Amino acid sequence: MRGLRTHHAGGAGRGRGPVKPFAYQVPGDAAAAVRTVADDTTAVFLAGGTNLVDHLKLGIVAPELVVDITHLTSDEITDNAGGLRIGAAVRNSDLAADRRVRERYPTLAQALLAGASGQLRNMATTGGNPLQRTRCVYFQDVSTPCNKRIPGSGCSAIGGSTRGMAVLGASEHCIATHPSDMAVALAALDAQVQVLGPGGARTVPFVELHRLVGDDPSRDTVLEHGELITAIDLPPLPAGARSAYRKVRDRASYAFALVSVAAVIAGDDVRIALGGVAHKPWRATRAEEVLRGAPLTDDAVRHAMDVELTAAQPQPGTDGGNGFKIPLVTRTAVATVRDLTGGRA
Ligand SMILES: Cc1cc2nc3c(=O)[nH]c(=O)nc-3n(C[C@H](O)[C@H](O)[C@H](O)COP(=O)(O)OP(=O)(O)OC[C@H]3O[C@@H](n4cnc5c(N)ncnc54)[C@H](O)[C@@H]3O)c2cc1C
Ligand code: SF4
């Protein structure tokens, strides 16, 4: 077990100015890391750093303490109660390449490979990926008002550029979307998140990890400050289950989803999760209800998505708005289910 090491870091970054100096610690174990972060309201965990380091450079966050957890959680994928347990330090590239994941949970492998680039996936971790923050351009530009960055300052996206914004579950305080591909697959797979906090360990169903904004856009998830993801569990799927992931984006690679769909067919159940449409990976439970036990024709999936999307609220915007997402996500869901049925209902 390694002891606590503290360094001081800072200096010029790529962003708008120098990175505010911060202390850097490597605690001896996960429990110590949790205590350290819980005791300092400005402290943050550092995993692969592919999102956090950009935010330090851009001035989106300015912690006084960065706690490196890279070696404090498991980097192994183990068999677990008929499913798999993925340690939080497992890199996205290792997870996508795992034979058990590719064979039993192809939607997850496909979602991972649809994200970022090979180099980024080599760094990005299982714990960090679902906790990456929105790519809303105004959130990333510290010169503009943003309720997520500075509560009460306003939302620059409303009435601005809304092409990448939410059509489901948004509020007048924030219309941002969650950017992770992996998270959409984990929502469809009914994954469970293992969390260690100052008060002990708990399990959070993945579909409950992320929040809708409501009147507090500053919080992305239900995790309390200092809570650490230690692993993510994939429950077993019934024999014969099939799954797939489809992502629609502006470029063939290195681009975030405009919309995406993870679909799982398990017996009479069809599970559908949507990406790029809400502040969280969106489980299409209304569509799932319509499709339960029904023949999975294109028309049936289209109808189910119409039911799901009755509550959708497209955003007007200076760039033409995001109403295009509603028919696009429907077509993507139809195509993803068809990938799994081969067109045979
Ligand atoms: C150019 C570019 C393109 C990208 N394209 C895509 C894409 O197409 N699809 C996609 O899904 N992603 C994409 N990404 C995002 C990338 O996948 C994430 O940055 C990455 O997965 C984050 O993981 P990390 O381990 O580097 O997290 P970090 O950057 O280390 O941390 C991210 C956040 O999670 C917190 N955190 C990390 N681990 C834990 C833990 N175990 N417990 C509690 N908190 C934790 C950190 O404090 C921080 O707030 C892209 C990134 C870049 C830079
Ligand atoms: S949509 Fe959310 S993240 Fe983007 S500017 Fe508005 S409050 Fe900030």
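Start at 1 and go down the list; that is how both ligands and their atoms are numbered. Since the model is a prediction, treat every value here as computed from it, not as a measurement.
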Next on the checklist: Regarding ligand 1, does F45 bring an N or O atom to under 3.5 Å of one of the ligand's N or O atoms?
Outcome noted: yes

closest protein heavy atom to atom 2 (Fe) of ligand 2 is C174 SG, 2.4 Å

Worksheet item: Do H279 and H178 have their ring centres less than 6.0 Å from each other?
Response: no

- Would one find an N or O of D54, backbone or side chain, under 3.5 Å from an N or O of ligand 1? no

Counting from 1 in the order shown, the ligand 1 atoms closer than 4.0 Å to a non-hydrogen atom of P179 are 10 (C), 11 (O)

query = Looking only at distance, does D181 have an N or O less than 3.5 Å from an N or O of ligand 1?
reply = yes

Quiz item: Are any of the N/O atoms in L46 less than 3.5 Å from those in ligand 1?
Solution: no

Atom 6 (Fe) of ligand 2 contact by C136, N, O or S atom under 2.8 Å = no

If you scan protein heavy atoms around atom 6 (Fe) of ligand 2, the nearest is C155 SG, 2.3 Å

Contact check, R149 vs ligand 2, heavy-atom distance below 4.0 Å
no

For this session: Decide whether an N or O pair under 3.5 Å exists between L228 and ligand 1.
Result: no

Quiz prompt | cation_pi(R163, F324) dist<6.0 Å, angle<=45 | solution = yes

of all protein heavy atoms, closest to atom 1 (S) of ligand 2 is I175 N, 3.3 Å

Margin query: Can you tell me if, anywhere in C146, an N/O/S atom lies at a distance from atom 4 (Fe) of ligand 2 that is smaller than 2.8 Å?
Written below: no

